[in-house]
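In what follows, a single structure is set out as structure tokens and then discussed.
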Amino acid sequence: MKAFLDEVVINSKVLSVNGNVANYIPALGKANSEDLGIAVYDHEGNFYEAGNSDKKFTIQSVSKPLVFLLALIDQGEEIVFSKVGMEPTGDPFNSIIRLETFDKHKPLNPFINAGAISIVSLVKGEDNIEKIEKILSFIRLLADNENINVDNSVFLSEKVTGDRNRSMLYFLKAIGNIEGNVEEILDLYFMQCAIKATCKDLARIALVLAHGGYDPIRKKQILPKRATQIVNSLMATCGMYDESGEFAVKVGIPSKSGVGGGILSVVPKRYGIGVFGPSLDIKGNSIAGVKVLESLSDKYDLSIY
Ligand code: GLU
């Protein structure tokens with residue numbers, strides 16, 4: 001597999017020129033658009049990597065399924081799904097329009113920004129320091145890596161520019177979807193997005209999700225199986241923004257992407273995969289990263305469908 005990954009990274013890298021790094025969060029604009037890396041764990045714990053697999057980046061929306069898992073485990077299905085739905089939107093991740101038109105007064109799913117903001121408001125703790133520590137501990141546990149932290153400059157960069165998210169949150173409060181201090185919830189959301197990790201970390205987390213919450217390397221159950229079924233299904237239907245349908249057809253692997261260029265991909269019972277390529281297509285997915293996954297899926301027959 002190693003030789004194949006090396007080849008795919010070289011072949012896919014050229015696509016980066018057709019995309020752009022996210023710059024609506026100014027600090028993300030500094031990313032090197034030519035970076036591309038992949039990391040893969042198999043069920044026996046073998047590890048393969050190619051390209052910039054060791055480079056740290058902010059996970060952005062890849063944090064959404066992880067914080068969602070935490071909320072699900074802490075509070076249960078009923079409470080979590082009273083706040084967000086389970087349906088794909090077909091709209092961009094930062095769209096506001098359906099917040100008013102969807103009659104149930106909740107965001108359509110936990111992976112659009114409005115849904116993720118609603119979910120992070122459920123995390124319990126005295127203050128944001130305690131809450132972000134809780135989120136970090138959970139992600140460190142999943143990734144089996146203590147060295148995962150928040151990038152303060154990316155956090156601050158989004159805090160000063162994130163008015164679109166700010167407006168969503170005020171709207172959610174107005175319709176009674178969230179309670180509490182709006183600015184504090186928003187800060188926590190920006191912190192979760194600014195968590196820094198590598199492809200290797202994402203692959204390690206995906207390996208646990210690929211085995212129903214059981215970690216085949218540490219040989220222990222880390223997450224309840226039901227929680228992983230829920231999050232994997234939502235990744236399959238809503239994980240790649242408004243490109244989720246096309247991604248299902250072309251790649252067929254439950255995945256979650258982020259505007260930092262990361263993609264976490266779960267091949268049930270087989271592989272945990274992490275990809276990083278900050279040059280994004282028009283929908284916000286890593287342009288070369290999606291190509292890498294498509295090639296891998298073709299070669300190893302990874303589509304779940
Ligand atoms: N922090 C980003 C935002 O809220 C995350 C978006 C993403 O990765 O999709 O705009």
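It should be emphasised that the depicted structure is a prediction, and the values quoted were computed from it without experimental measurement. Just follow the structure's listing: the first ligand is 1, and inside any ligand the first atom is 1.
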Nearest protein heavy atom to [atom], by residue and atom, and its distance?
atom: atom 3 (C) of ligand 1; result: Glu158 OE2, 3.1 Å
atom: atom 4 (O) of ligand 1; result: Tyr189 OH, 2.7 Å
atom: atom 5 (C) of ligand 1; result: Gln60 OE1, 3.4 Å
atom: atom 10 (O) of ligand 1; result: Tyr24 OH, 2.5 Å

Over all heavy atoms of both residues, which pair between [X] and [Y] is shortest? Give the atoms and the distance, please.
X: Phe138; Y: Leu66; value: CE2-O, 3.3 Å
X: Ile119; Y: Val84; value: CD1-CG2, 3.9 Å
X: Phe68; Y: Val231; value: CD2-CG2, 3.9 Å

Close-contact set for ligand 1 against [X] heavy atoms, below 4.0 Å:
X: Ser61; value: 5 (C), 6 (C), 7 (C), 8 (O), 9 (O)
X: Asn113; value: 3 (C), 4 (O), 10 (O)
X: Val259; value: 6 (C), 7 (C), 8 (O), 9 (O)
X: Tyr241; value: 7 (C), 8 (O), 9 (O)
X: Gly258; value: 8 (O)
X: Asn165; value: 3 (C), 4 (O), 10 (O)
X: Cys193; value: 1 (N)

Taken to the nearest 0.5 Å, the spacing of Arg166 CZ from Thr161 OG1 works out to 8.5 Å
Neighbour count >12 (heavy atoms, 6.0 Å) for atom CD, Gln221:
yes
Evaluate side-chain hydrogen bond (donor to acceptor under 3.5 Å, both in side chains) for Asn145 paired with Asp201, printing each intermediate quantity in order.
CA-CA 7 Å; Asn145 180 4; Asp201 295 317; 2.9 Å; yes
Axial cation check for Tyr214 ring with Lys219, 6.0 Å and 45° limits
no
Looking only at heavy atoms, is any part of Val62 under 4.0 Å from ligand 1, and if so is it the side chain, the backbone, or both, or is it neither?
neither
Tyr41-Phe47 aromatic ring centre distance below 6.0 Å:
yes
